[in-house]
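Structure, as structure tokens:
Chain A is the first sequence line, chain B the second, and so forth, proteins listed ahead of strands; every chain is numbered from 1.
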Amino acid sequence: MPLLDVVDLHAEFRTGLGRVPAVNGVSFTVDRGETVAIVGESGSGKSASALSLLRLIPDPPGRITGGRILFDGRDLLQLSEAEMRQVRGGDIGMVFQEPMTSLNPVLTIGRQITETLEQHRGADRTGAERRAIELLSLVGIADPGRRLKQYPHQLSGGMRQRIMIAIAIACDPKLIIADEPTTALDVTIQAQILELMKDLTRRLGAALIIITHNLGVVARYANRVNVMYAGRIVESGPAAAVYRRPRHPYTMALLRSVPRIDRPRQSRLDPILGQPPDLTRVDDGCAFRPRCRFAIAACARRRPTLMAGREAGHLAACLRQDEIALGAEMAL
Amino acid sequence: MKPAEPAASSAPLLEVKGLRKHFPISEGLLIGRKIGEVKAVDGVDFTIRRGETLGLVGESGCGKTTTGRCILRLERPTAGEIRYNGLDIATLKGRPLLELRRRIQVIFQDPYSSLNPRMKVGQIIAEPIRAHGIERDRARRAARVHELLSVCDLDPAFADRYPHEMSGGQRQRVGIARALALEPEFIVCDEAVSALDVSIQAQIINLLEDLRERFHLTYLFIAHDLSVVRHICHRVAVMYLGRIVELADCDQLFDNPQHPYTQALLAAVPVPDPEVERRRAFRPLVGEVPSTINPPSGCTFHPRCPIAVSACRQARPELRELRPRHWVACGQVDWPFERHEFAGIRSPPKRAVPPPPNKEAGTQQHEQNGRIRWDRGLGCRRLVLLRR
């Protein structure tokens with residue numbers, strides 16, 4: 001049984017412009033100790049999916065409208081708010097994009113870590129403090145005793161993200177959800193933070209869901225990848241297979257549109273034409289159809305569901321996925 | 001398509017010499033007492049020829065944006081010369097400065113905050129034309145706006161819309177149309193594609209390349225994304241703590257980086273290919289960028305540098321032309337290259353301070369063990385065994 005089994009998750013935002021189905025029937029699984037990436041562009045629903053997992057979607061305007069989130073055998077959507085609080089920060093740790101806004105500016109670093117330990121593990125003050133020092137050394141912060149007494153604004157961006165990670169792993173979680181953990185950081189710091197998360201999840205045996213728009217980060221760290229577009233997963237599979245032989249035209253176009261440092265320079269980039277879709281105006285057809293160079297008349301009639309291809313565990317939501325997979329090898 | 005680089009002999013359009021910009025830090029409420037300074041740019045030299053694109057890369061706080069703002073004269077340099085077409089613009093004032101602004105324009109990073117939300121797109125683009133009194137006739141100004149919009153592949157009907165009605169990519173096109181309104185020769189692109197989604201980023205990069213060719217533009221391309229810089233630039237300067245540490249032709253810099261900081265930056269870029277990533281032995285650079293208020297002594301990179309020796313703490317290395325057109329500010333790279341590669345990023349030295357260089361020993365070692373080369377495909381150092 002997988003650690004996390006998300007089944008047909010739906011979440012929407014009600015706005016002045018109409019109902020936005022940000023998460024529209026998302027299903028995926030995460031096994032114990034595994035690193036799974038959710039990759040997509042802004043507005044694809046990747047962050048909304050992550051927040052829904054923890055029931056952190058602001059309500060109003062947001063709402064989870066359906067589905068099941070089975071975590072370790074329990075459906076998180078059936079839990080009471082009090083039980084949910086025990087899960088968040090307990091069995092599931094979280095790391096968010098902007099460490100400055102996710103840390104409390106008026107509490108010391110130490111207090112923010114010990115609070116988690118006292119809440120979830122019933123630790124006493126001295127025990128919690130001892131563990132906090134241990135955690136800070138674990139995430140590579142020098143002089144942890146002094147750092148505990150400092151406030152978030154006294155630390156650099158990379159250091160704050162290390163604190164977030166220390167809080168996330170404080171209660172020995174089974175799963176860590178990291179939402180764009182390094183987007184705000186410089187490339188050398190990004191590399192440090194990602195290596196740290198990889199190392200820690202391995203040592204703790206925790207599973208990791210990493211939500212990112214960076215295709216390189218996915219390639220370096222993820223075992224499996226889910227590609228999202230317009231609130232849906234359009235391709236899912238082992239990272240190596242998805243990158244080598246994408247089965248969905250969006251994944252293929254995404255991979256082709258980035259300049260690559262490891263390849264001879266292209267004379268011209270191959271962008272995805274058009275604009276990302278307006279989610280208030282989606283129809284019954286495939287949402288990628290207007291930008292897709294392989295679209296046919298049938299794509300407008302019905303939305304393809306995620307279907308398995310030749311390789312086990314490699315799914316795509318495209319009517320022409322077999323043809324595309326054949327062509328992808330030559331094209332990429 | 002990247003046009004052929006302009007001939008090396010052509011006179012530089014922009015010449016920056018010893019550029020410094022220090023921001024004072026003051027204390028006290030009424031009578032500010034200067035207690036220190038942030039050396040955002042601390043002695044930067046480079047030239048850009050007409051039609052060339054120079055990339056300026058580095059991490060936040062390295063001074064790349066401040067350099068761009070000095071050239072735009074949004075900041076007044078503390079010291080140094082900025083010669084544009086031979087004229088020193090570092091201290092320009094009044095009418096001549098206004099004239100200059102018509103020739104040097106800017107595209108900003110964030111298309112959300114760099115467009116006035118209360119103005120229609122048409123007004124935004126017409127604003128520079130109006131402000132400089134180029135076209136006083138309203139109808140002809142509107143026609144020009146339509147032309148600029150279609151040059152940037154936008155429907156001229158967008159002129160009557162507000163920025164919030166557009167997507168990020170469309171907004172960035174408006175920012176580009178505005179920069180083109182005065183028919184400039186030189187454009188500072190300050191992280192012009194960094195805030196955009198991958199699929200849109202490629203569209204805008206292609207547009208910038210088309211415009212460069214069509215209007216014979218010269219770009220200073222400030223960015224932190226190395227793969228984008230490699231794609232669009234002819235030459236690249238790498239900055240660290242207010243100084244250029246390496247400057248070379250684009251291919252030379254990416255295929256044969258010399259400065260340990262450049263090498264670390266390149267190694268840190270993850271490649272979107274799990275198979276390539278699996279083969280890379282990757283070890284991130286330690287530490288963080290130090291403060292520009294109180295930078296480390298000597299070479300400012302020495303605390304994070306995997307090949308630093310004690311001499312690095314004393315004297316700050318000057319930018320030297322190591323090979324033709326390849327400038328490096330590192331005291332260690334004129335050792336036999338193989339020597340420092342053994343202490344390189346893949347295998348950091350056991351001791352913090354390696355012994356002084358010994359050319360003979362270094363060469364011998366490489367003959368015995370093979371050679372570590374920068375592998376462009378892997379974006380990291382790789383041991384290449386020599387065949388016997």
Side-chain angles (χ1 to χ4, degrees), chain A residues 40-44 140 156-159 184-196 213-223 225 238-244 250 253-276 278 291 332, chain B residues 1-2 58-62 166-170 196-207 209-210 224-232 250-251 254 261 264-278 280 282-289 291 304 375-379:
Chain A
E41 299 181 276
S42 13
S44 62
S156 67
M159 203 93 89
L185 304 175
D186 275 316
V187 59
T188 61
I189 308 298
Q190 163 179 308
Q192 291 174 1
I193 296 292
L194 289 168
E195 286 294 309
L196 174 71
H213 67 275
N214 188 326
L215 295 164
V217 168
V218 176
R220 189 175 278 182
Y221 297 101
N223 306 115
V225 52
V242 170
Y243 278 76
R244 187 174 0 101
Y250 174 64
L254 209 55
L255 286 170
R256 287 175 60 111
S257 68
V258 286
R260 286 183 50 166
I261 214 159
D262 63 321
R263 295 249 176 108
R265 219 160 53 196
Q266 301 148 272
S267 57
R268 203 168 163 78
L269 294 179
D270 192 2
I272 303 180
L273 301 175
Q275 303 295 326
D278 178 353
R291 304 174 78 184
L332 275 176
Chain B
M1 177 73 204
K2 194 185 281 201
E59 296 178 277
S60 30
C62 72
M166 309 175 90
S167 70
Q170 290 169 334
L196 304 172
D197 268 319
V198 180
S199 69
I200 304 300
Q201 188 175 309
Q203 294 179 5
I204 301 294
I205 291 171
N206 282 351
L207 175 66
E209 286 188 302
D210 291 344
H224 65 268
D225 186 331
L226 291 156
S227 24
V228 170
V229 165
R230 172 167 175 253
H231 179 81
I232 203 168
C250 187
D251 287 337
F254 281 90
Y261 178 62
L265 272 184
L266 288 177
V269 178
V271 170
D273 187 334
E275 280 158 36
V276 173
E277 282 298 332
R278 212 176 310 127
R280 282 173 101 178
F282 168 65
R283 200 186 289 264
L285 203 57
V286 294
E288 300 194 2
V289 180
S291 141
R304 305 175 77 190
D375 185 317
R376 197 186 66 192
L378 298 182

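- Not a single donor-acceptor pair under 3.5 Å links the side chain of A:E41 to the backbone N or O of A:H213.
- Contact tally against chain B (heavy-atom pairs below 4.5 Å) for A:L254, A:V187, A:L273: the top residue is A:V187.
- When the candidates A:R291, A:Q192, A:Q266 are compared by the number of heavy-atom contacts under 4.5 Å with chain B, A:Q192 comes out ahead.
- The closest donor-acceptor contact from the side chain of A:R256 to the backbone of A:I272 lies at 3.5 Å or more, if one exists at all.
- Neither the backbone nor the side chain of A:Y250 comes within contact range of chain B, judged by heavy atoms closer than 4.5 Å.
- Of all non-hydrogen atoms in A:A219 and B:D273, the two that sit nearest each other are CB-N, 3.3 Å.
- The contact between A:V217 and chain B is made by backbone and side chain atoms together, counting heavy-atom distances below 4.5 Å.
- Heavy-atom distances place the side chain of B:E275, and not its backbone, under 4.5 Å from chain A.
- In this structure, the side chain of B:Q203 engages the main chain of A:G274 through a donor-acceptor pair within 3.5 Å.
- Annotation: maximal heavy-atom pairing with chain B below 4.5 Å, among A:L215, A:T188, A:L185, occurs at A:T188.
- Interface remark: B:L226 contributes backbone and side-chain atoms alike to the contact with chain A (heavy atom separation under 4.5 Å).
- Chosen from B:V228, B:V269, B:L265, B:I205, the residue pairing most often with chain A at heavy-atom distances under 4.5 Å is B:V269.
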Exercise. For salt bridge (Lys or Arg N to Asp or Glu O under 4.0 Å), just list the numbers for B:D210 and A:R268, CA-CA rounded to whole Å, side-chain angles, deciding distance to a tenth of an Å, and then say yes or no.
Key: CA-CA 10 Å; B:D210 291 344; A:R268 203 168 163 78; 3.0 Å; yes
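- Only the side chain of A:E195 comes within less than 4.5 Å of a heavy atom of chain B; its backbone N, CA, C and O stay farther away.
- Atom CD in A:Q275 sits 4.0 Å away from atom CD in B:Q170 (nearest 0.5 Å).
- The distance from the CZ atom of A:R260 to the OG atom of B:S227 is 10.0 Å, given to the nearest 0.5 Å.
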